[in-house]
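By convention in this document, chain letters (A, B, ...) are assigned in the order of the sequence lines, proteins followed by strands, and residues within each chain are numbered from 1. The figures that follow rest on heavy atoms only: side chains count, while hydrogens, waters and symmetry mates do not. Predicted model, so just to flag it, every value in this text is computed and none were measured.
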2 protein chains.
Amino acid sequence: MERSTRQRTSIRDAIRDAGRPLGPVEILEAARGAVPALSLATVYRTVRRLAESGEIQAVTLPGESVRYEIAGGTHHHHFQCTACSRVFDVHACPGNLARLAPEGFTVEDHELTLYGRCRECQPARRGAKRGAPGRAGG
Amino acid sequence: MERSTRQRTSIRDAIRDAGRPLGPVEILEAARGAVPALSLATVYRTVRRLAESGEIQAVTLPGESVRYEIAGGTHHHHFQCTACSRVFDVHACPGNLARLAPEGFTVEDHELTLYGRCRECQPARRGAKRGAPGRAGG
DNA sequence: GTGGATGCAAACTCTTTGCACCTTG
DNA sequence: CAAGGTGCAAAGAGTTTGCATCCAC
């Protein structure tokens with residue numbers, strides 16, 4: 001059965017506290033705050049377990065490697081900031097996309113990714129404060 | 001300057017003739033019909049060149065490695081078959097997605113992927129012929 | 001005390017790169 | 001003939017796995 005280890009707890013907490021999808025290395029760095037000796041292999045093994053058990057879910061964006069977020073349950077999409085590369089949830093959906101498929105095709109599901117500037121990375125405008133952290137990678 | 005080699009021609013033709021986005025190995029296999037000694041390294045180098053020159057464009061779907069298709073120019077999306085994994089173009093767009101982003105976020109672009117059954121992989125229904133090739137991977 | 005969990009390092013897969021040889025213009 | 005292109009093999013980056021040790025139950 002599933003044991004409650006410090007590693008597993010720190011990984012789950014890291015994902016939960018982030019409030020946005022995190023990649024394996026981001027999880028590692030965040031979780032090392034609680035468990036400094038945590039290894040990347042354990043992160044990979046644990047996120048797979050947590051994803052299989054339904055506690056977290058994989059977020060796969062076009063051209064990006066996997067990120068993970070707490071399984072909230074509701075259908076939603078994602079927004080990736082073109083400046084800081086971070087990913088955020090979008091709790092809205094255009095809906096009714098089945099009509100877009102070519103004739104003879106059956107639509108079962110869809111994924112939508114929006115790209116643009118997140119709140120912190122808005123380009124400077126007349127007198128606007130720039131709060132962008134400028135983080136690259138991720 | 002750009003030379004016209006048999007390899008480059010076979011790669012470009014393979015992508016053009018496929019009518020759907022192909023991955024590096026798919027391109028290799030298709031192009032080897034014309035140039036049997038073609039190497040995967042050349043495929044990688046060539047698609048990068050062709051993509052940089054704008055002749056072809058990368059198609060990156062969630063959780064999938066890159067595919068390439070002829071740069072047609074018009075904005076479109078993609079459909080991935082959950083049975084054969086192949087990817088097809090969708091020449092339609094829900095449009096007006098900027099409103100979906102959280103407040104304070106600016107939307108510059110979007111990507112949409114539909115999932116379901118392609119024409120050849122439709123589940124058998126009353127007396128329908130099954131034409132599905134059942135290709136996995138790719 | 002036992003079996004699952006962890007850390008390390010090696011293995012794997014996918015992609016890129018160095019280098020000698022070949023081909024196009 | 002010169003410059004760019006190609007094939008092979010090795011190198012990188014990201015992810016998975018074998019194994020001895022450790023720890024939750």
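B:Arg32 places its CZ atom 9 Å from the P atom of D:dG7, with the value rounded to the nearest Å. A:Gln7 has its CD atom 18 Å from the P atom of D:dT21, to the nearest Å. Atom pair B:Glu64:CD and D:dG14:P shows a separation of 19 Å (rounding to whole Å applied). Nucleotide D:dT15 holds its C1' atom 16 Å from the CZ atom of A:Arg67, rounded to whole Å. Regarding B:Glu2, its CD atom lies at a distance of 15 Å from the C1' atom of C:dT23, rounded to whole Å. At whole-Å resolution of the value, CG in A:Leu28 and C1' in D:dT16 are 16 Å apart. Protein atom CZ of B:Arg45 is 12 Å distant from nucleotide atom C1' of D:dA9, rounded to whole Å. For the pair B:Arg3 CZ and D:dA2 P, the computed distance is 13 Å after rounding to whole Å.
A donor atom on one side chain and an acceptor atom on the other are not found under 3.5 Å apart for A:Thr113 and A:Gln80.
Tracing side-chain contacts under 4.5 Å through hydrophobic residues (I, L, V, M, F, W, Y), one never reaches A:Val25 starting from A:Val87; they form parts of separate clusters.
OP1 or OP2 of C:dA5 has not a single side-chain nitrogen or oxygen of A:Thr46 nearer than 4.0 Å.
Considering all non-hydrogen atoms of both residues, A:Tyr68 and A:Ile27 come closest at CD1-CD1, 4.2 Å.
Between A:His75 and A:His110, the ring-plane angle classifies as perpendicular under the 30° and 60° cut-offs. Ring geometry, A:His76 versus A:His91: the interplanar angle falls from 30° to 60°, so the pair is classed tilted.
By the side chain to side chain donor-acceptor pair (under 3.5 Å) test, A:Glu108 pairs with B:Thr82, sequence neighbours left out. With sequence neighbours excluded, the residues satisfying side chain to side chain donor-acceptor pair (under 3.5 Å) with A:Arg12 are A:Glu55. In this view, B:Gln7 and B:Thr5, B:Val35, B:Leu38, B:Thr42 satisfy the side chain to side chain contact (heavy atoms under 4.5 Å, CB included) rule, not counting sequence neighbours. Shown here are the side chain to side chain donor-acceptor pair (under 3.5 Å) partners of B:Arg49, two or more places apart in sequence or in another chain: B:Glu2.
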N/O-N/O pairs, protein side and nucleotides 10-14 of chain C side, under 3.5 Å:
none

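Contact check of residues 34-42 of chain B against DNA chain C (heavy atom, cut-off under 4.0 Å) returns B:Ala41.
B:Arg48 comes within 4.0 angstrom of the backbone, heavy atoms only, and of no base.
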